[in-house]
Amino acid sequence: MKKHLFALAIASLLASTAFAQANDTIAKVKASGSVTMGVRDSSGALSYTLGDGKYVGYHVEICQRIIDNLEKVAGKKLDVKYTSVTSQNRIPLTENGTVDIECGSTTNNEARQKQVAFAFTTYVEEVRIAVRANSGITSIGQLNGKNVATTTGTTSVQLLRKNERATGVDFKEVFGKDHADSFLLLESGRADAFVMDGQILAGNIANSKNPAEFKIVGEVLNVEPIAIMFRKDDPAFKKLADDTIAGLAKSGELAKLYDKWFTQAIPPKNIKLGMPASDANKDAWKNLNDKPVEAYAKK
C-alpha cells in the first residue's frame, strides 16, 4: 500500500513539474537543454529560409539575441532547434509547447492575446496590394471581378472581407498555404493581386524570377504591430524577451538590425528591399509596448 501511495506521489510530482514547465519556458529549456524557434519559410525579411534548414531575417536575429540571454539565465548553452511554422499552425504549436518562441510575421491582436503572449512590438507593418506591373490595377476598388490571393490564417483575410463589404467590390478570394504559395498564385496568373504585409510582398517580389514585372500599389489597408510570440502566463520569459528588445532599442542595435535586413543587400540574391524605417517603426522603438492592432486603429 505504501509503495502504491509512493508511486502515486512520484507520478503526481512529475505531472505537476511538467505542467509548471509547460508555462515556464526558462525551466523547460533548462531541463531539456534545448529551445525551439518557430520560423517562417517566406515571411519577407522578417523570417525566411535559405534552404538546408538555415533561417535568417530581422526577427530571427532578434530571437537569437533573446536566446543568448536565455542561455545566461539557464546557465548553459542551449541546442537551438528550428521548426517551420505556417500562418495556420503557428499559434497552436506555440500553445502546446512544440515551439518556445515564434520568430515570424505575426500580427498582435486582441483575439490572439487570449491564446498567446507577445513581446514588445519590433515591426509595424502596412498591408498593401501587389499586382503585375502591366495590370493597370492601382487600388482595391479596381479588383471587381478579379481573383485576389492571400495566405490562409492571416489577418489579411479579414481585411479583404472588410474592404469588400465597405466598397461593394465583388472579388474572389484564392488562398495560398503560405506566403510563397500566395505569391505563386499572382506570378502564375491564377490571381490578379496579392494582399499582404508590405514587406512580405516586397521580399517575395525581390526574390522572384523577374522582380520588374511586379509592383506594390494602392492605399494602405491597415497598420499592424508585428511581434515575436510565445506562450501565455509566462511572466519571467516575457520579461526576458522584453528586456532584450529594450536593450537593443536603447543601444541603437535594433535600428541597425532593421537597416541590415530592409535597406541593405540580403541573401540569397543580394537584393535590396529599399524599405527605410517608417515613422511608425521608429515610434514603436522609442515607446516600447505590446499593444494590439486594435489600439493602433483607435489613433
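Here the structure is a predicted model, which is why all the values come from computation and not from measurement.
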**OP:** Assess whether salt bridge (charged side-chain N to carboxylate O under 4.0 Å, His left out) is satisfied between K238 and D242, documenting all intermediate values.
**Re:** CA-CA 6 Å; K238 175 167 170 54; D242 286 346; 2.9 Å; yes
Original post:
Taking side chain as C-beta onward, heavy atoms only, is Y123 less than 4.5 Å from S278?
Top reply: no
Original post:
How many angstroms lie between atom CG of D234 and atom NZ of K28, to the nearest 0.5 angstrom?
Top reply: 10.5 Å
Original post:
Should the heavy atoms of other residues, nucleotides or ligands under 6.0 Å from NZ of K286 be counted, would the total exceed 12?
Top reply: no
Subject >> Taking every non-hydrogen atom, the tightest pair across L143 and F171 >> reply: O-CB, 3.3 Å
Subject >> Derivation and outcome, side-chain contact (heavy atoms from CB on, under 4.5 Å), residues S84 and T49 >> reply: CA-CA 9 Å; S84 176; T49 182; over 6 Å; no
Original post:
Do the side chains of L221 and I226 join up, straight or via other hydrophobic residues, at under 4.5 Å, putting them in one cluster?
Top reply: no
Original post:
Do N222 and E126 have side-chain heavy atoms sitting under 4.5 Å apart?
Top reply: no
**OP:** Take T152 and Q88 through the test side-chain hydrogen bond (donor to acceptor under 3.5 Å, both in side chains) and record every step on the way to the result.
**Re:** CA-CA 7 Å; T152 301; Q88 290 176 288; 5.0 Å; no
**OP:** Look at the side chain of D170 and the backbone N and O of N144, then say whether any donor-acceptor pair between them is shorter than 3.5 Å.
**Re:** no
Subject >> side-chain hydrogen bond (donor to acceptor under 3.5 Å, both in side chains) assessment of R90 paired with T106 >> reply: CA-CA 9 Å; R90 56 189 167 181; T106 303; 3.2 Å; yes
Original post:
Does one side chain, of S87 or R40, offer a donor that lies under 3.5 Å from an acceptor on the other?
Top reply: yes
Original post:
Going hydrophobic residue to hydrophobic residue with side-chain gaps under 4.5 angstrom, can you get from I137 over to F194?
Top reply: no
**OP:** Assess whether side-chain hydrogen bond (donor to acceptor under 3.5 Å, both in side chains) is satisfied between N108 and Q113, documenting all intermediate values.
**Re:** CA-CA 7 Å; N108 177 355; Q113 283 190 358; 2.8 Å; yes
**OP:** Supply the atom-to-atom distance I91 CD1 to K114 NZ, rounded to the nearest 0.5 angstrom.
**Re:** 12.5 Å
Original post:
Which value, rounded to the nearest 0.5 Å, describes the distance between D283 atom CG and L288 atom CG?
Top reply: 10.0 Å
Original post:
When you measure from the side chain of N204 to the backbone N and O of I200, does any donor-acceptor pair fall under 3.5 Å?
Top reply: yes
**OP:** Locate the shortest heavy-atom distance separating S43 from H179; write the atom from each residue and the value.
**Re:** OG-CD2, 3.4 Å
Enumerate, atom names and distances included, each donor-acceptor pair closer than 3.5 Å involving a side-chain atom of residues 51-60, sequence neighbours excluded.
| from | atom 1 | to | atom 2 | distance (Å) |
| --- | --- | --- | --- | --- |
| Y55 | OH | D41 | OD1 | 3.0 |
| Y58 | OH | T122 | O | 2.7 |
| H59 | ND1 | G104 | O | 2.8 |
| H59 | NE2 | T122 | OG1 | 2.6 |

Original post:
Hey, does the side chain of E110 reach the backbone of E294 with a donor-acceptor pair shorter than 3.5 angstrom?
Top reply: no
Subject >> Transitive ILVMFWY side-chain link I26 to V35, under 4.5 Å >> reply: yes
Result block: side-chain N/O donor-acceptor pairs under 3.5 angstrom for residues 245-258, not counting sequence neighbours:
| from | atom 1 | to | atom 2 | distance (Å) |
| --- | --- | --- | --- | --- |
| S251 | OG | G247 | O | 3.2 |
| S251 | OG | L248 | O | 3.2 |
| S251 | OG | E253 | N | 3.2 |
| E253 | OE2 | R65 | NH2 | 3.4 |
| Y258 | OH | M275 | O | 2.7 |

Original post:
Which heavy atom in S182 sits nearest to a heavy atom in A149, and how many Å separate them?
Top reply: O-CB, 3.8 Å
Subject >> Pairing residues for A241 by the side chain to side chain contact (heavy atoms under 4.5 Å, CB included) criterion, not counting sequence neighbours >> reply: I66, A119, F230
Original post:
For E219 and S139, does a side-chain donor sit closer than 3.5 Å to a side-chain acceptor?
Top reply: no
Original post:
Within a radius of less than 6.0 Å around CG of D279, do more than 12 heavy atoms belonging to other residues, nucleotides or ligands occur?
Top reply: no
Original post:
Any side-chain heavy atom of V39 within less than 4.5 Å of one from V85?
Top reply: no
**OP:** Measure across A227 and T121 and return the closest heavy-atom pair with its distance rounded to 0.1 Å.
**Re:** CB-CA, 4.2 Å
Original post:
Is it true that the side chains of T94 and R231 contain a donor and an acceptor less than 3.5 Å apart?
Top reply: no
Subject >> Distance, nearest 0.5 Å, that separates CD of E187 from CG of D181 >> reply: 11.5 Å
**OP:** Could you check if a side-chain atom of T155 sits within less than 4.5 angstrom of a side-chain atom of R112, using non-hydrogen atoms only?
**Re:** yes
Original post:
Is there side-chain contact between E61 and W261, with heavy atoms separated by less than 4.5 Å?
Top reply: yes
Original post:
Do R128 and L201 come within less than 4.5 Å of each other through their side chains, counting heavy atoms only?
Top reply: yes
Original post:
Linking I/L/V/M/F/W/Y whenever any side-chain heavy atoms sit under 4.5 Å apart, do I101 and V29 land together?
Top reply: yes
Taking only distance into account, with no hydrogens and no angle test, what donor-acceptor pairs under 3.5 Å do side-chain atoms of residues 68-78 form with protein atoms, sequence neighbours excluded?
| from | atom 1 | to | atom 2 | distance (Å) |
| --- | --- | --- | --- | --- |
| N69 | ND2 | T244 | OG1 | 2.8 |
| E71 | OE2 | L78 | N | 3.0 |
| K76 | NZ | K30 | O | 2.8 |

Original post:
Just by modelled atom types, is the E95 backbone N or O under 3.5 Å from a matching donor or acceptor in the Q115 side chain?
Top reply: no
Subject >> Spacing of CG belonging to D192 relative to NZ belonging to K172, to within rounding of 0.5 Å >> reply: 11.5 Å
Original post:
Does T36 reach the main-chain N or O of V99 with its side chain, forming a donor-acceptor pair under 3.5 Å?
Top reply: no
Subject >> I129 side chain reached by I140 side chain, heavy atoms, under 4.5 Å >> reply: yes
Original post:
So do I67 and M37 actually touch side chain to side chain, heavy atoms under 4.5 Å?
Top reply: yes
**OP:** Could you grab the distance from atom CZ of F118 to atom NZ of K232, nearest 0.5 Å is fine?
**Re:** 10.0 Å
Side-chain polar contacts of residues 207-214 - donor-acceptor pairs under 3.5 angstrom, sequence neighbours left out - could you list them?
| from | atom 1 | to | atom 2 | distance (Å) |
| --- | --- | --- | --- | --- |
| N207 | ND2 | G203 | O | 3.0 |
| S208 | OG | I205 | O | 2.6 |
| E213 | OE1 | R132 | NH1 | 3.2 |

**OP:** Establish, from distance only, whether the side-chain atoms of T107 and N109 form a donor-acceptor pair under 3.5 Å.
**Re:** no
Original post:
So, D197 and Q199: side-chain donor and acceptor under 3.5 Å apart, yes or no?
Top reply: no
Original post:
Do any N or O atoms from the side chain of T25 and from the backbone of D100 form a donor-acceptor pair under 3.5 angstrom?
Top reply: no
**OP:** Determine, using the 4.5 Å side-chain heavy-atom cutoff (strictly less than), whether V80 and L50 are members of one ILVMFWY cluster.
**Re:** yes
Original post:
Donor-acceptor pair, D243 side chain versus L240 backbone, under 3.5 Å?
Top reply: no
**OP:** Spell out, as yes or no, whether a donor-acceptor pair under 3.5 Å connects the side chain of T150 to the backbone of V195.
**Re:** yes
Subject >> Partner residues of T138 under the side chain to side chain contact (heavy atoms under 4.5 Å, CB included) criterion, sequence neighbours left out >> reply: Q142
**OP:** Indicate the atoms forming the closest heavy-atom contact of V131 with A193, along with that distance.
**Re:** CG1-CB, 3.8 Å
Original post:
What are the two closest non-hydrogen atoms of S105 and L46, and how far apart are they?
Top reply: CB-CD1, 3.6 Å
Original post:
Taking it one step at a time, do V127 and M196 satisfy side-chain contact (heavy atoms from CB on, under 4.5 Å)?
Top reply: CA-CA 5 Å; V127 179; M196 188 47 61; 5.9 Å; no
